[in-house]
Structures are given as structure tokens and as C-alpha cells.
Enquirer: 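Here it is, the structure in full.
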Amino acid sequence: MGSITDEREITVTDSDIDLGQIELADDSRLLEEVVVTGQKSQLSVSGERRVFNVSSDIASAGASAGELLASVPSVDVSHDGEISLRGNSDVTVWINGKESGMTADNRMQMLSQIPAESIESIEVMTNPASKHGAEGTAGIINIRLKEGKRAGYYGSAEADADTRGNVNVNVNSSLNTGRFETFASLGFKSRHNPGGSESRRNYDNGTRLDSDGITRKHENSLFARIGANYSPDSRSTLYLSAAGTLGHIRSNTGTSHFSDLPSQWSANLSRTREHGFTRGANILAGYRLAFTPAHSIDMNVSYNTWQGSTESDTRNDETWPDGSTEMSEISQHQRVRINNWEAAVDYSGQLAEWLRLEAGYKGNYNHENSPASYWLSSASAGEAGMPDLYNRFKYDTDISALYVSLSGSHGVLSYSAGLRGEMWSIRTRSLGYGETDGDAPLFSKNDFALFPSASVGWAFTSGSELRLDLSRRIRRPYGPQLNTFENVSDPSEVHLGNPLIQPQYSDALELTYMKTWSSHMLSASAYVRSSKDKISHVSFLAPMSSDPEINTMYYGHANVGDMLDTGVEIISRNSLWNTLTLTTTVNLHNNRMKAWSTEYPLHGAMYTVSGEAQNRFVWDIRCMASVRLPWDLTFQATGRYNSRRTTAQGSVEPAWDVEAGLRKSFGPWNLSLVCKDIFASKKSHEILYGDGYRQSIEKWTGGRTLRLAVSYTFGKKSTPAHDTHNHIDTGGYGEGHSH
């Protein structure tokens, strides 16, 4: 290498041959670059977290952050957007280590507007240390967005379309000149989501109420992000970033209801037209200072805002048992406004070779103001407002936390112990029509709790580690779960909140064995999680406020007692024959819930809601197979299966789905073809039962979809004159290439 080739003709004879001295002339052309083509591991597992690399997932082409979570091992996303981890829906989702204004109410709306092309990786922590926060009894999912760290400029662009008419266009770029690092993302998404539902409710007295619905939903959204890091010297960095989302949603739903309940219509054709908008923004500013290579402090503050407005008009054409008909229209207007501040100060210092100290403060201050109102129009009453149903919900939550953590290693042992103290206050008001703050009672609660965590690891052989983790975590009720506003847009049921919900506490113990070989990885975890005052969906029959002679179904949340979850989770990654990679996750666990009874406030009275004892074995499996084929082709298939699961008042029936994709590389170009839900099997089926009824509910959305995506990566390396600090390259842009 680096010399000119010299070729000579030689005649081979029976005698020795003397070639003499051969001098090779140097090649004046210098090597410009080496391109190494490869593929990142789909999943990497460390002691505290698992990291899912987005670029290795073919199904990420054209997907949103919400869709992408369904590809992460141990994570499940339900039909209505509920995210669960190991079967537990109480999970905290962060973006770049922060809540970023997300709540359980607006989380899926925000995630659906973030393109997967802007995401670098997804981290999952099932037993996070106390320094990471105490919210979320199932754990934390952290979505890391792309930020270019390599010197020079790099970027990627992607466009895709599918058979449902969905279109996505995304562009990401970064520029690093040494002291300055900048990054930017822009994405547009247009989505069409058909769906449907089927409900069969049977009452103990022999009557019934059946509902069948079809929904068509369309959404346009825009996501933009820009940021910069400035390092005036090798010790300090200033960073600033901003992100925003815009969305417009419209949908049409037609539902046919049939009933033989006394004093009620026998048929009701309900047609709902809904439209609305969402707007969100996040601004983050911070300063990082390294006093010495072993001591540093990081200070940052962020402001988050989220606004959403929804207008819906529902027309009900009722047919009564005597053959008479009646038409009515209900209009609903609801607006959600959430403002949030986050602040953090984190210190890290190496006290000794075997001991590191981490300490800090984190604050989260949230304010929500959500007015909602109804209008009724009918042939008999004309058009009028419904002041009894008007509600302006105000919800303030202030959380201040101090934490300290000690960690280190000595020989084959690693260890950590931490303690987090959180003080929080909750203030809520539900204002009726024409009321001011002085007219409505204030519900206020202040609380304080300690959240310890500890872990110890033993690397007893090369590539093997045994790790024990324990932690205490909390689940606080969020705004809509507390809001007493009654949503009566559906004539067959009413949704409302419960202001009496108490926080849920959880204690977890997990033992993990990890083993890595050159081509294989195995992680096996045995865990026990006990929950006190578990927060769960509940349903019960009660008289309607508009007609006390008719019982209807009410849906809300309540504390349903204690629950014990024990299980084993096995994750394996196997590379076979240098072409096939199998990533498999199996979760086997048992849910045990005692019989429970609680009181639910409604219309000035208390209604008893209860559930039977539950003890059920649950399992789920997920397997992703990736095959590297000739001609720069990669094939990937993923299958999922969830067994029947227990709920507070019933069960969720088994569910499964399969997807597959093919990717072809043309240098910096990638062409992907993905088929989602190949067998159109992705549905949810829930069984509910309570005092006086039993109900079966099936829901589905989307169905089989074929998506074609084209992406392009670009970039150029440079050697900045002022590159005074080293960067950790977290992957940069592109798939399977390093420049």
C-alpha cells in the first residue's frame, strides 16, 4: 500500500531463479479515506439500561416516535396509545433526559409528531437509580435525539409514503467546527388512520347494549428542532436548544348503538365530527463546567408549553321502542393549556479511585388550565348551553427534589447507593359555569417522601456479570384522572375523573445475569415488584345526571388496593453465520391482586366500586430477525405475542402481530420497503365486569400497511483548528457507514 505495482514476466525452469533486487517506487497519491460498511447492533445491554439503536431497525423508516416504541424489547404500545413496560403502563417517558412538558395525557400526541429519523437511540431502565427520578413505577424510557458530534458537517434526509396515503418528509443536519456544535431537524407528517370498535355489554337482568363504530382520522403535523453547543475552552460548554410541534387533527366517527334497556331508545345512530389543533414548544439552556477532569457541574433550565383545542359535534338519531324518533346534537369545546418549567443542577466528582459522588437538585413546576363546555340542540328544546356540564379545570403541581448518590468499583465488584427526597404540592380547582377562583373550593395537598436505591454487581468472569438492584418509586395521578368534568359525547358511557386518588408507591427488587460472547449476548432478570394503592381504570353503573331513572356506564380511575408482580425476563441476541441476527425477549410473570373495594364520588354521593381477587400467569414474547443478504440487502422481520393479562375489573385478551421490511443500500442512499401488521391481527380485546354487568370491547386501527421510504446521508469530515476537547461519537447520522 502506497507503492506503484511492478509486474515482470518469469519463466519457471528446473533450476533456481534469481530475480535480483526489485525496487518499488512510492505512489505519490495519498489515501483519501477508508469507508467501513457495517451495521450497529440492534440492542446493547449494560448494567443499568438497555439501548435500542434506531438506525438498525428497518421498521423505523417513516415511523413516528410513538410507533417506534413498539419495536423496543419489553415495551408495548396499545391501540389507544398507552405505553407499558413489562406489562405495566405506569412508565415515564423522557426526551434527552427530561420530561419536556409531556404528561400521560398529551404524551402520545407529542410522540406521534416526532419522526423516528430524528432519533438516535431509545434507552430503557427498568430499575433506575434514584438520581434519575422517582416517577414511573415500571421504569423510564429515554428517547435520545440526534446531535452530531463529529467534526465537519453531516446529515440525512428521508421521504416515505404508504398505502394508507400517509406521507412523511424529514431532514436532519449537524455542523461541528470545534468550539461550535450545531444541529437542526425538520419533519412534516401527514397521516390517515382508519379504525373501529365493537362493544357488547350484557346486564345481569338480561338486557343488553351493543355498539359498533368506524373512525377515520387525519392528522398533519410539523416538527422542528435547532440547537448549538459552544465550548470557549476545554473545561466549559454552553448549550441552547429549541423544539416545536404543530398539529392539526380531524376525524369522523359513526357508531350504531342498539339497546333493550327500559326507558331508553332502542337504537341510536351517533355521528361525530371532530377537529382541533396542537402546539408545543421546548426551550432548553444550560452550562457545563469541568473544574478538573474528575469534577464537574451541569446547570440547566427548560420551559415547555403545550396547547390543544378540540371541537366536536355529535348528532344522535334516536329510535324509541314505540317507533318514534328524535334527533339531537351535542357540541363540545375543550382546550388544554399546559405550561411547565424544569430546572436541574447536577454535580459529579471522583472522591477516590473507587468512589464517585453525584448530587443535585431537580425541580418540575407544572400549571394546567383546561376549560370545557357543551351545547345541546334538539327539536323539542332548541339550542342551548349546558351549564351543568361546563368545567374549567385548573391543576398545579410543584415537585422539588434533592438527591445524592455514591458509586464505584473495586476489582470485580461495582456498587452504588442513592437517596432521593421529593417534596411536592398539588392544587386543583374545578370551576363551574360563571364561577371564579373565589367561588370554587381549592383542593390542596402537600407531601414528602424518600426514595432509596441501591445496586451491586459482580463480574465474576470475563464477559459475565451478576447484578442486584432495588428501588422505590411513585406514581402520582395526573390532571385528567383528577378532573371531575363529565365527558358525555358518547351516549353509551361517561368518562370523568376522581379527585380522591392517592399516589401509588412501588418497591422493586431485580437480580440480573448478563453474559456476552463474541457473537452472542444473554440477559436474564428475575424481579419482584409490590405496589401499594395501585391506580387503575375502573367502571361502574350509576344514574345519569340528566335522567336519574337511567343507569349508564361511568369510566374513571381509582386506587384499587395492593398488587404483587413477580417474573423473569430473558433477552438474547445471537449472530449466526455472519448473516443472521436474532434478538429475542421473553417475559414471564405472575400478577396477584387482592379483592378490593373503593368509594367513587359522583353527583354529591359515593358509589361503591369493587373487584375480585386476581392471580394470573402472564407471558409475552418478541423476536426480531435481521438477515444480511448479498447486493447490500437487509431483511428484517418482527413478531410479537402477548398472552391474556389481568386488569382490576377483568382482563385484556391475547394479541399478536407480525411486520417485515427490506432495505437496499446504494452508497449513501437507502431504499426501504416495510409491511406493518402483515396479517391484520393487531387488535385489542378487553373484558370488563362489575356489579350488574359484563362487557366485551374490541378496538383496532390501521391494519395491513405497505410503506416505501428513501433516505440519503451526507457529510464531510474536517479537522477544526480549535478542537480543544474530545467528543464521544454517539452514532451520528447515517446507516451502516462511517466516513
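Predicted model only: the values in this text are computed from it and were never measured. Hydrogens, waters and symmetry mates are skipped; everything else that's a heavy atom, side chains included, is used. For reference, positions follow the sequence shown, starting with 1.
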Enquirer: Considering residues, nucleotides and ligands other than Glu599, do more than 12 of their heavy atoms fall under 6.0 Å from its CD?
Expert: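 Enclosed.
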
Enquirer: Do Asp565 and Asn590 pair up side chain to side chain, a donor and an acceptor below 3.5 Å, judged on atom types alone?
Expert: no

Enquirer: Does the side chain of Ser130 pick up a donor-acceptor pair with the side chain of Arg420 at under 3.5 Å?
Expert: no

Enquirer: So does Asp507 pair up with Arg472, basic N to acidic O under 4.0 Å?
Expert: yes

Enquirer: Is it true that a side-chain atom of Glu686 and a backbone atom of Ile697 form a donor plus acceptor pair closer than 3.5 Å?
Expert: no

Enquirer: Determine whether a donor-acceptor pair (N or O, by modelled atom type, separation under 3.5 Å) exists between the side chain of Gln504 and the backbone of Asn559.
Expert: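 Not a single qualifying donor-acceptor pair exists.
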
Enquirer: Taking the six-membered ring for Trp, are Phe448 and Trp424 closer than 6.0 Å centroid to centroid?
Expert: no

Enquirer: Salt bridge or not for Arg86 and Glu510, using N-O below 4.0 Å?
Expert: yes

Enquirer: Could you verify whether a donor N or O on one side chain and an acceptor N or O on the other, from Gln695 and Asn202, lie under 3.5 Å apart?
Expert: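 No, no side-chain donor-acceptor contact under 3.5 Å.
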
Enquirer: With no hydrogens and no angle check, do the side chains of Thr608 and Tyr600 hold a donor and an acceptor under 3.5 Å apart?
Expert: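 No, because no side-chain N or O of Thr608 sits under 3.5 Å from a partner of the opposite role on Tyr600.
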
Enquirer: When you look at Trp619 and His589, which way does the side-chain contact (heavy atoms from CB on, under 4.5 Å) test go after all the steps?
Expert: CA-CA 6 Å; Trp619 66 280; His589 59 111; over 6 Å; no

Enquirer: Between the side chains of Tyr395 and Thr397, does any donor sit under 3.5 Å from an acceptor?
Expert: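 Note: Tyr395 and Thr397 side chains meet the donor-acceptor criterion.
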
Enquirer: Would you call the rings of Tyr513 and Phe460 parallel, tilted or perpendicular, taking 30° and 60° as the class edges?
Expert: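 Correct class here is parallel.
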
Enquirer: Can a salt bridge be assigned to the pair Glu135 and Arg476 using a cut-off of 4.0 Å between side-chain N and carboxylate O?
Expert: yes

Enquirer: Under a 4.0 Å threshold between the charged nitrogen and the carboxylate oxygen, would Asp677 count as salt-bridged to Lys682?
Expert: no

Enquirer: Okay, side chain of Ser531, backbone of Lys534: is any donor-acceptor separation there less than 3.5 Å?
Expert: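 Not confirmed, Ser531 side chain does not pair with Lys534 backbone.
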
Enquirer: If only side-chain N and O atoms count, and only distance matters, is there a donor-acceptor pair under 3.5 Å linking Asp469 with Asn127?
Expert: no

Enquirer: Sub-3.5 Å donor-acceptor pair from the side chain of Arg427 to the main-chain atoms of Phe443, do we have one?
Expert: no

Enquirer: Sort out for me which residue in Tyr693, Tyr689, Tyr554 forms a side-chain hydrogen bond (donor to acceptor under 3.5 Å, both in side chains) with Ser539.
Expert: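 Checked Tyr693, Tyr689, Tyr554 against Ser539; only one passes side-chain hydrogen bond (donor to acceptor under 3.5 Å, both in side chains): Tyr693.
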
Enquirer: Surrounding NZ of Lys699 (heavy atoms of other residues, nucleotides or ligands, distance under 6.0 Å), is the total greater than 12?
Expert: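 Incorrect, the count does not exceed 12.
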
Enquirer: Go through it in stages, so that I can follow the logic: the residues are Asn615 and Asn591, the test is side-chain hydrogen bond (donor to acceptor under 3.5 Å, both in side chains), and I'd like the CA-CA distance, side-chain angles, deciding distance and then a yes or no.
Expert: CA-CA 6 Å; Asn615 191 19; Asn591 298 127; over 6 Å; no

Enquirer: Ignoring hydrogens and geometry, is there a side-chain-to-backbone donor-acceptor pair from Gln481 to Asn498 under 3.5 Å?
Expert: no

Enquirer: Flag the pair Ser211 / Leu209 as yes when at least one side-chain heavy-atom distance between them is below 4.5 Å, and no otherwise.
Expert: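 Yes, their side chains come closer than 4.5 Å.
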
Enquirer: Can you see whether Thr512 engages Ser525 through a side-chain donor-acceptor pair at a distance of less than 3.5 angstrom?
Expert: yes

Enquirer: Flag the pair Tyr555 / Glu493 as yes when at least one side-chain heavy-atom distance between them is below 4.5 Å, and no otherwise.
Expert: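 Yes, at least one pair of side-chain atoms sits under 4.5 Å.
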
Enquirer: Stepwise, does the side-chain contact (heavy atoms from CB on, under 4.5 Å) test hold for Ile83 with Val75?
Expert: CA-CA 7 Å; Ile83 302 169; Val75 179; 4.0 Å; yes

Enquirer: Inspect the contact between Arg50 and Glu569 and indicate whether a charged nitrogen and a carboxylate oxygen are less than 4.0 angstrom apart.
Expert: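 A salt bridge links Glu569 with Arg50.
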
Enquirer: Strictly by modelled atom types, are Ser405 and Lys131 linked by a side-chain donor-acceptor pair under 3.5 Å?
Expert: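 Checked: Ser405/Lys131 side chains show no N/O donor-acceptor pair below 3.5 Å.
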
Enquirer: Distance only, no hydrogens: is a donor on one side chain within 3.5 Å (strictly under) of an acceptor on the other, for Tyr403 and Asp346?
Expert: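 Their side chains do contain a donor-acceptor pair, which is all the 3.5 Å distance test asks for.
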
Enquirer: Could you verify whether a donor N or O on one side chain and an acceptor N or O on the other, from Gln502 and Lys445, lie under 3.5 Å apart?
Expert: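 A donor-acceptor contact under 3.5 Å links the two side chains.
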
Enquirer: Could you tell me whether Asp396 and Lys394 have a side-chain N and a carboxylate O separated by less than 4.0 Å?
Expert: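 Result for this pair is no, no salt bridge flagged.
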
Enquirer: May I ask you to decide if Thr137's main-chain N or O and Arg529's side chain share a donor-acceptor pair within less than 3.5 Å?
Expert: yes

Enquirer: Any side-chain donor-acceptor pair under 3.5 Å between Ser651 and Thr646?
Expert: no

Enquirer: Heavy atoms, side chains only, cut-off 4.5 Å: are Thr583 and Cys623 in contact?
Expert: no

Enquirer: Just checking, any donor-acceptor pair under 3.5 angstrom between side chains of His685 and Ser696?
Expert: yes

Enquirer: Is Ser681 reaching over with its side chain to a backbone N or O of Trp656, donor-acceptor style, under 3.5 angstrom?
Expert: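 Yes, because the side chain of Ser681 sits within donor-acceptor range (under 3.5 Å) of the backbone of Trp656.
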
Enquirer: Mark yes when over 12 heavy atoms from residues, nucleotides or ligands other than Trp458 sit less than 6.0 Å from its CH2; otherwise mark no.
Expert: no

Enquirer: Is the backbone N or O of Ser492 less than 3.5 Å from a side-chain atom of Arg201, with the two atoms forming a donor-acceptor pair by type?
Expert: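 Flag set: sc Arg201 to bb Ser492 pair under 3.5 Å.
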
Enquirer: What's the verdict on side-chain contact (heavy atoms from CB on, under 4.5 Å) for Asn369 and Phe393, showing C-alpha distance, side-chain angles and the deciding distance?
Expert: CA-CA 6 Å; Asn369 187 349; Phe393 182 68; over 6 Å; no

Enquirer: Can any side-chain N or O of Arg640 pair as donor or acceptor with the backbone N or O of Ala70 at less than 3.5 Å?
Expert: yes

Enquirer: Can Ser197 and Glu698 be counted as having a side-chain donor-acceptor contact under 3.5 angstrom?
Expert: no

Enquirer: Spell out, as yes or no, whether a donor-acceptor pair under 3.5 Å connects the side chain of Asn642 to the backbone of Asp620.
Expert: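 No, the answer is negative, given that no donor and acceptor are paired below the 3.5 Å cut-off.
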
Enquirer: Any donor-acceptor pair under 3.5 Å linking the side-chain atoms of Tyr527 with those of Asn587?
Expert: yes

Enquirer: Are side-chain heavy atoms of Met593 and Val560 found at a separation under 4.5 Å?
Expert: yes

Enquirer: For salt bridge (charged side-chain N to carboxylate O under 4.0 Å, His left out), just list the numbers for Arg356 and Glu358, CA-CA rounded to whole Å, side-chain angles, deciding distance to a tenth of an Å, and then say yes or no.
Expert: CA-CA 7 Å; Arg356 171 173 288 275; Glu358 294 173 288; 5.8 Å; no

Enquirer: Considering residues, nucleotides and ligands other than Met423, do more than 12 of their heavy atoms fall under 6.0 Å from its CE?
Expert: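 Count not over threshold, so no.
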
